[in-house]
Amino acid sequence: MYWSRYGNGKKIVENLAERLERKGGQTQVFRTDEVDPSALPEADRYVFSAPTEAFNIQRDMRKFMKNLQGMEGKKYGIINTHAMKRNWLPKMEKLLSKKNMVKVAGVDFQMGKEAQSGNGLMEGWENRLEEFADKL
């Protein structure tokens, strides 16, 4: 599940899906408005990707995570994109821990000057995403 304003988050999750499929996994990618948080498809791992906006996790993803149901014991990974020195992975983890989910991986991507054009991913992001995929 992802939410993306400028396309960086979408690019990351689509790239992650391709990596996981090359390793033999099956994936489904949904934007937060395309799936009901109270009835997610069954999966071995869930990945939540959201940007930081206004010094918090993006509003739609925050609402989505708060409305998750039936996720006790489910494993997840989290991705945060941001233009600050500080990431918001702990906030995402806190929201999901309230659902009694189990974190297996987390990664943040600081955006560069061209974030609004969709070119904001900093050099080396692919390697960091590969490490995240390996942990999943």
Side-chain angles (χ1 to χ4, degrees):
M1 276 52 71
Y2 78 96
W3 196 94
S4 180
R5 179 173 308 280
Y6 300 113
N8 293 303
K10 181 179 181 181
K11 182 176 181 175
I12 289 168
V13 296
E14 287 176 346
N15 191 292
L16 176 62
E18 290 172 13
R19 290 170 189 271
L20 294 173
E21 288 171 3
R22 281 196 304 267
K23 295 176 184 218
Q26 295 178 357
T27 63
Q28 291 180 308
V29 177
F30 299 103
R31 190 174 150 123
T32 56
D33 59 357
E34 297 175 331
V35 65
D36 180 351
S38 67
L40 292 182
E42 195 60 36
D44 293 331
R45 301 281 188 281
Y46 295 88
V47 176
F48 302 92
S49 174
T52 298
E53 292 184 350
F55 300 99
N56 205 340
I57 297 301
Q58 194 280 333
R59 179 178 26 105
D60 293 341
M61 180 57 83
R62 211 169 50 239
K63 181 181 174 185
F64 185 89
M65 289 190 284
K66 287 179 181 179
N67 290 323
L68 288 169
Q69 294 179 17
M71 300 301 284
E72 296 81 11
K74 304 288 184 180
K75 295 179 180 178
Y76 72 90
I78 47 179
I79 300 169
N80 178 228
T81 57
H82 57 91
M84 309 175 215
K85 299 270 186 223
R86 176 180 171 213
N87 71 60
W88 287 85
L89 291 172
K91 173 77 176 206
M92 294 176 81
E93 187 173 352
K94 183 177 179 182
L95 288 169
L96 296 171
S97 71
K98 289 180 180 180
K99 303 299 176 181
N100 295 315
M101 295 184 75
V102 179
K103 179 183 166 191
V104 295
V107 65
D108 73 290
F109 296 97
Q110 187 172 358
M111 297 293 110
K113 292 181 181 180
E114 298 297 321
Q116 293 181 350
S117 69
N119 297 320
L121 290 165
M122 306 283 265
E123 185 176 333
W125 73 271
E126 296 97 340
N127 294 335
R128 297 187 69 225
L129 188 62
E130 185 67 29
E131 291 170 7
F132 176 77
D134 289 342
K135 291 177 184 176
L136 290 176

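Note that the structure is a prediction, hence the values are computed from the model and not measured. The first residue of the sequence shown is numbered 1, and numbering continues consecutively from there.
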Under 3.5 Å, which donor-acceptor pairs do the side chains of residues 66-78 form with other protein atoms, sequence neighbours left out?
residue: Asn67; atom: ND2; partner: Lys63; partner atom: O; Å: 3.1
residue: Lys74; atom: NZ; partner: Glu42; partner atom: OE1; Å: 3.4
residue: Lys74; atom: NZ; partner: Glu42; partner atom: OE2; Å: 2.3

Assign the ring pair Trp125 / Phe109 to parallel, tilted or perpendicular, where the plane angle (0 to 90°) is split at 30° and 60°.
perpendicular
Value for CZ (Phe30) from CE (Met1), rounded to nearest 0.5 Å, stands at 7.5 Å
Do Phe55 and Met61 belong to the same hydrophobic cluster, where Ile, Leu, Val, Met, Phe, Trp and Tyr are linked whenever their side-chain heavy atoms lie under 4.5 Å apart, directly or via other members?
yes
Just wondering, more than 12 heavy atoms not from Gln26 lying within 6.0 Å of its CD?
no
Between CG of Leu40 and CZ of Phe64, what distance do you get to the nearest 0.5 Å?
4.5 Å
Please say yes or no: joined through hydrophobic side-chain contacts below 4.5 Å, possibly via intermediate residues, are Val104 and Leu96 part of one cluster?
no
Joint cluster assignment, Tyr46 & Leu136, ILVMFWY side-chain distance < 4.5 Å
no
For residues 84-106, pull every pair meeting salt bridge (charged side-chain N to carboxylate O under 4.0 Å, His left out), keeping only residues two or more places apart or in separate chains.
Glu93-Lys103
What heavy-atom pair brings Ser4 and Gly9 nearest, and what distance separates the two atoms?
OG-N, 3.3 Å
Which distance, rounded to the nearest 0.5 Å, do you find between the CE of Met122 and the CZ of Arg128?
10.5 Å
Smallest separation among heavy atoms of Thr81 and Ile12, with atom names
CG2-CD1, 3.6 Å
Decide whether Tyr6 and Trp3 are clustered together by the hydrophobic rule: side chain heavy atoms of Ile, Leu, Val, Met, Phe, Trp, Tyr closer than 4.5 Å, transitively.
no
Taking C-beta and beyond as the side chain, do Asp60 and Asp33 meet within less than 4.5 Å on heavy atoms?
no
Contact summary for Pro90 and Asn87, nearest pair of heavy atoms:
CD-OD1, 3.4 Å
Within the 4.5 Å heavy-atom criterion, are Glu126 and Arg19 side-chain neighbours or not?
yes
Residues that Asp134 engages under side chain to side chain contact (heavy atoms under 4.5 Å, CB included), provided they are two or more places apart:
Lys23, Glu130
Rounded to the nearest 0.5 Å, what's the gap from CH2 on Trp88 to CG on Asp108? Could you check?
13.0 Å
Between Asn80 and Ala50, is there a donor-acceptor pair closer than 3.5 Å when you use the side chain of the first and the backbone of the second?
yes
Between OG1 of Thr32 and CZ of Arg59, what distance do you get to the nearest 0.5 Å?
10.0 Å
Locate the shortest heavy-atom distance separating Ala133 from Leu16; write the atom from each residue and the value.
CB-CD1, 3.7 Å
Please tell me if the side chains of Val35 and Pro41 come closer than 4.5 Å, counting only heavy atoms from C-beta onward.
yes
Take atom CG in Asp44; do more than 12 heavy atoms of anything else shown fall under 6.0 Å from it?
no
Heavy-atom closest pair, residues Val29 and Glu34:
O-OE1, 4.3 Å
Do Met92 and Met65 have side-chain heavy atoms sitting under 4.5 Å apart?
yes
Measure the CD1-CZ distance between Ile79 and Phe132 for me, rounded to the nearest 0.5 Å.
4.0 Å
Can you get from Met111 to Phe48 by hopping between Ile, Leu, Val, Met, Phe, Trp and Tyr side chains that sit under 4.5 Å apart?
no
